[in-house]
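Treat the numbers as computed from the prediction; the structure is a model and nothing was measured.
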Amino acid sequence: MQFKFTGYLLLFFSTLLFAQKSEYDTLSIADSLKENANAVVRLNQLDITISSQRSMNVVTKRVVTVLNENGLGAINAVEGYSKTTTIKNIEAIVLDANGKEIKKIKRKDFKDQSAVDGGTLFSDNRYLYLSYTPIQYPFTIIVNSEIETSTTAFIPQWYPLDSYFVSVEKSVLNVNYPDNLGFKKMELNFSNFKIEKTTDKPTQLSYTATTILAQKQEDYSPVFSSIFPKVMMGLEVFHLEGVDGNAKTWKEFGKWFSDAILEKTSDLSAETKAKVKILVGDEKDPIKKAKLIYNFVQQKVRYISIQVGIGGWKPMLASDVDRLGYGDCKALTNYTRALLHVVDVPSYYTVLYGDRKKLNIDSDFVSMQGNHAILCIPDGTSYTWLECTSQEDPFGYQGTFTDDREALVFKPDGGEIVRTKIYVDNGNTQVSKGVYTLAANGDFSGKIAIASQGSQYEQKARIENLQPTDKEAHYKEYWDNINNLKVNKTTFSNDKEHVVFTENAEISAVSYGSVSGNKMMFVVNGYNQISGNVKRIRNRKNPFEIQRGYADGDEIEIALPSGFSIEFLPSNFELKTKFGEYKTEILKKDSNSLIYKRSMFLKKGLYSSKEYDEYRLFMEQISRNDNAKIILTQNQ
């Protein structure tokens, strides 16, 4: 009997061991979760324990089955650390397709890297990350990590779904906290997802999300975090950068941040103070003084990249920036603020989300938010905004990284949510004036001047600093409608005072006009074609957004080859829709020349998924008309 019992016991443990190893085999993944997926998150569990105002522990377990090379980014095995944040544990286990362990990765196998490139001032801000190259797909990786931090002003947000083309079997959030710190939460975009709030007590909160199918990345979709589920969390009583805080409103929060975090970071040497006072001289106008200081900063310091979340929230001392000549966004913003203070120009440190897609500080949820710092100068009833990390931007110019979004401005009397500069659609202009000549064999030669303003200025101003080969590549892509293009000459004018960038180009091409027998055919719009069609998306799920509108105006004189007559001329065309307006006109200047006029106005806006096809058809009509052709006949 003893032998039999032992045999059964061995069989039981063998079965249990097999079951454990097979828990994450790929065959057990539902087919629906594999559809459109590069990876499947089998489990993402986030356990947050807030023990006190100055202590938070975050334990993460992330199990990801990577189906192909494009799914490697879903592993997300990275943790940052600093003087205030310690990584207590980080490790990974790799499983094969059957769920069998093939590799253990210990902490020493993770790469340890500074959070900033260049300089050693931020050497205490670092991160550990895993760079794993698989031997085959699919495979599964289990990543376990644990961090401890004294920073409780920033509680990790919970994203049940955190990426496109990644599905989720299960995602869990567990939060434990004292009842005296003013814990708060906000649930966003839960509709149409299987998310259950399993616990909601005075000291405990838990959610479980299951079976979230992979989402396709649809063109023109709004910012990911604005359409997919998340839970924001915060405390009214918190700790940040060695300082306790207590705030229920933005005004209270901003006052605390200014007094506790920014205070004593703005000191400068007597020599530097004297230098900037001499620079400003007798100038009295605050904005003119600010321009002089901004130019001084652009020439003196350089930007080094460091993420706010990794690098902390307290800016380095202005005196250190002045001495070393570099800093991150927080440091350079604070440095500029300190210099302006010396010459009696008020300015406000500002935090927002910097991204090419507009993303707002959530004004309904008072908490530490944002990933980028800029400077705000009161200018009468409005504000002038300074991007202090740029050595090229004109004074007061905001590009697409920080324009038109809610930002938190830290004023001396408290915080305030303010919208940054809005570039109106008809102010984002590109005005082109030029000529081109067609030879009898169809060869093309032309000159054009293109002046860009508003958000279009940013797109064009970078061209001036490109290497010659990169400039040529840019124009060959921009004028990809012209085969055999040769860029003969380019010159540029960057009017930073009025924020206008002008390109002057001389180009040529052989056989632009197609000659057959005694006829020549060519596209009349040679310089500014919309040639790429908007992608057809069947059964679109997400709304679509045109984040920035623009207005293009073109006037081109066309010199026809002598000895040819016009056989066919495209009709004038006009189109007006909810998305914008488009118009073309061809005028006969004389027997051998035409004037081509084109205007294109696109409106920004948020539209429903059902309107996408209507927009696609609008753009297709424009594309077809931009490709309209003239037919010439050679005189006999």
Side-chain angles (χ1 to χ4, degrees), residues 41 43-62 76 85 145-163 168 170-210 212 222-240 244-254 256-257 308-309 313 351-353 359-371 406 408 415 417:
V41 176
L43 173 66
N44 188 61
Q45 183 162 331
L46 185 62
D47 295 325
I48 302 172
T49 302
I50 303 167
S51 302
S52 68
Q53 183 177 2
R54 302 183 182 188
S55 178
M56 180 169 65
N57 179 278
V58 181
V59 176
T60 304
K61 181 175 183 178
R62 187 171 176 87
N76 197 25
T85 300
S145 68
E146 179 180 2
I147 67 165
E148 280 190 350
T149 181
S150 61
T151 294
T152 56
F154 182 80
I155 301 174
Q157 297 182 13
W158 181 57
Y159 294 93
L161 179 70
D162 57 17
S163 183
V168 179
K170 188 176 183 180
S171 182
V172 177
L173 171 67
N174 296 313
V175 192
N176 291 279
Y177 45 88
D179 61 1
N180 62 342
L181 300 182
F183 180 85
K184 54 193 173 181
K185 67 180 185 300
M186 182 185 292
E187 302 166 354
L188 297 165
N189 311 317
F190 273 28
S191 300
N192 305 317
F193 293 93
K194 296 179 181 177
I195 302 174
E196 180 185 1
K197 190 188 314 181
T198 54
T199 306
D200 191 356
K201 298 178 180 178
T203 61
Q204 198 173 13
L205 179 68
S206 295
Y207 295 89
T208 299
T210 55
I212 301 179
V223 176
F224 186 93
S225 62
S226 70
I227 55 178
F228 294 115
K230 68 176 178 180
V231 174
M232 299 178 67
M233 294 168 284
L235 299 175
E236 292 177 356
V237 179
F238 51 83
H239 185 81
L240 178 67
D244 290 339
N246 190 331
K248 293 183 179 180
T249 67
W250 284 120
K251 193 173 185 67
E252 291 175 354
F253 186 87
W256 167 81
F257 192 90
V308 168
W313 299 88
V351 171
L352 44 58
Y353 284 107
L359 181 61
N360 292 316
I361 293 280
D362 197 310
S363 58
D364 295 328
F365 195 75
V366 179
S367 66
M368 203 70 208
Q369 299 180 49
N371 66 355
E406 300 288 295
L408 175 58
I417 300 294

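- The shortest heavy-atom contact between Ile147 and Thr85 is CD1-CG2, 4.2 Å.
- Taking the side chain as every heavy atom from C-beta outward, Phe257 and Leu408 never approach each other to under 4.5 Å.
- Here the two rings, on Trp250 and Phe365, have centers that are 6.0 Å apart or farther.
- Enclosure of atom NZ in Lys184 by more than 12 non-hydrogen atoms of other residues, nucleotides or ligands within 6.0 angstrom is indicated.
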Original post:
Does the salt bridge (charged side-chain N to carboxylate O under 4.0 Å, His left out) test come out yes or no for Asp162 and Arg62, once each step is laid out?
Top reply: CA-CA 12 Å; Asp162 57 17; Arg62 187 171 176 87; 3.3 Å; yes

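- The minimum heavy-atom distance linking Asn371 with Tyr353 is given by the pair OD1-CA, 3.2 Å.
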Original post:
Are Leu205 and Tyr177 close enough, and set up right, to give a side-chain contact (heavy atoms from CB on, under 4.5 Å), and what steps lead you there?
Top reply: CA-CA 9 Å; Leu205 179 68; Tyr177 45 88; 4.2 Å; yes

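- Heavy atoms only, all atoms of each residue included: Ser150 and His239 are closest at O-CD2, 3.1 Å.
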**OP:** May I have the step-by-step check of side-chain contact (heavy atoms from CB on, under 4.5 Å) for Phe238 and Phe154, ending in yes or no?
**Re:** CA-CA 9 Å; Phe238 51 83; Phe154 182 80; over 6 Å; no

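- Looking only at side-chain heavy atoms (C-beta outward), Ile212 and Val41 stay at 4.5 Å or farther from each other.
- Between Ile50 and Ile155 the shortest heavy-atom distance is CD1-CD1, 3.7 Å.
- Inspection of the Thr203 and Asp179 side chains reveals no N or O donor paired with an N or O acceptor under 3.5 Å.
- Once rounded to the nearest 0.5 Å, the distance linking CG of Leu240 with CG of Leu235 reads 12.0 Å.
- Shown are Asp47, Thr199, Thr198; of these, the side chain to side chain donor-acceptor pair (under 3.5 Å) with Asn174 is made only by Asp47.
- Between Asn44 and Val172, the closest side-chain pair of non-hydrogen atoms is not below 4.5 Å.
- At least one side-chain heavy atom of Lys170 sits less than 4.5 Å from a side-chain heavy atom of Thr208.
- Annotation: side chain of Asn180 is not in contact with side chain of Val237 (no heavy-atom distance under 4.5 Å).
- Between Phe193 and Ile195, the closest side-chain pair of non-hydrogen atoms falls below 4.5 Å.
- By the 4.5 Å heavy-atom criterion applied to side chains, Asn57 and Glu146 are counted as neighbours.
- Of all heavy-atom pairs between Ala209 and Pro160, the closest is CB-CB, 3.9 Å.
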**OP:** Show your working on side-chain contact (heavy atoms from CB on, under 4.5 Å) between Leu173 and Ile48 and close with a plain yes or no.
**Re:** CA-CA 8 Å; Leu173 171 67; Ile48 302 172; 4.1 Å; yes

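- Counting only residues at least two apart or in different chains, salt bridge (Lys or Arg N to Asp or Glu O under 4.0 Å) contacts with residues 148-159 comprise Lys88-Glu148.
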Do any side-chain atoms of residues 185-192 form donor-acceptor pairs under 3.5 angstrom with protein atoms, and if so which ones, sequence neighbours left out?
{"residue": "Lys185", "atom": "NZ", "partner": "Asp200", "partner atom": "OD2", "Å": "3.3"}
{"residue": "Glu187", "atom": "OE2", "partner": "Lys197", "partner atom": "NZ", "Å": "3.0"}
{"residue": "Glu187", "atom": "OE2", "partner": "Tyr207", "partner atom": "OH", "Å": "2.5"}
{"residue": "Asn189", "atom": "ND2", "partner": "Ser225", "partner atom": "O", "Å": "3.4"}
{"residue": "Asn189", "atom": "ND2", "partner": "Ser226", "partner atom": "O", "Å": "3.4"}
{"residue": "Asn189", "atom": "ND2", "partner": "Phe228", "partner atom": "O", "Å": "2.9"}

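- Scanning all heavy atoms of the two residues, the minimum distance from Gly370 to Ile361 falls at N-CD1, 3.8 Å.
- Judged by distance alone, the side chain of Trp313 and the main-chain N or O of Ala153 form no donor-acceptor pair under 3.5 Å.
- Checked by atom type, the side-chain pair Trp158/Ser171 shows a donor-acceptor distance below 3.5 Å.
- When atom types are taken as modelled, the side chain of Thr152 and the backbone of Gln53 share a donor-acceptor pair closer than 3.5 angstrom.
- Asn246 and Glu236 share no side-chain donor-acceptor pair at under 3.5 Å.
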**OP:** Test side-chain contact (heavy atoms from CB on, under 4.5 Å) on Met368 and Thr151 and set out the steps.
**Re:** CA-CA 11 Å; Met368 203 70 208; Thr151 294; over 6 Å; no

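- No donor-acceptor distance shorter than 3.5 angstrom exists from the side chain of Asn360 to the backbone of Asp362, with no hydrogens or angles considered.
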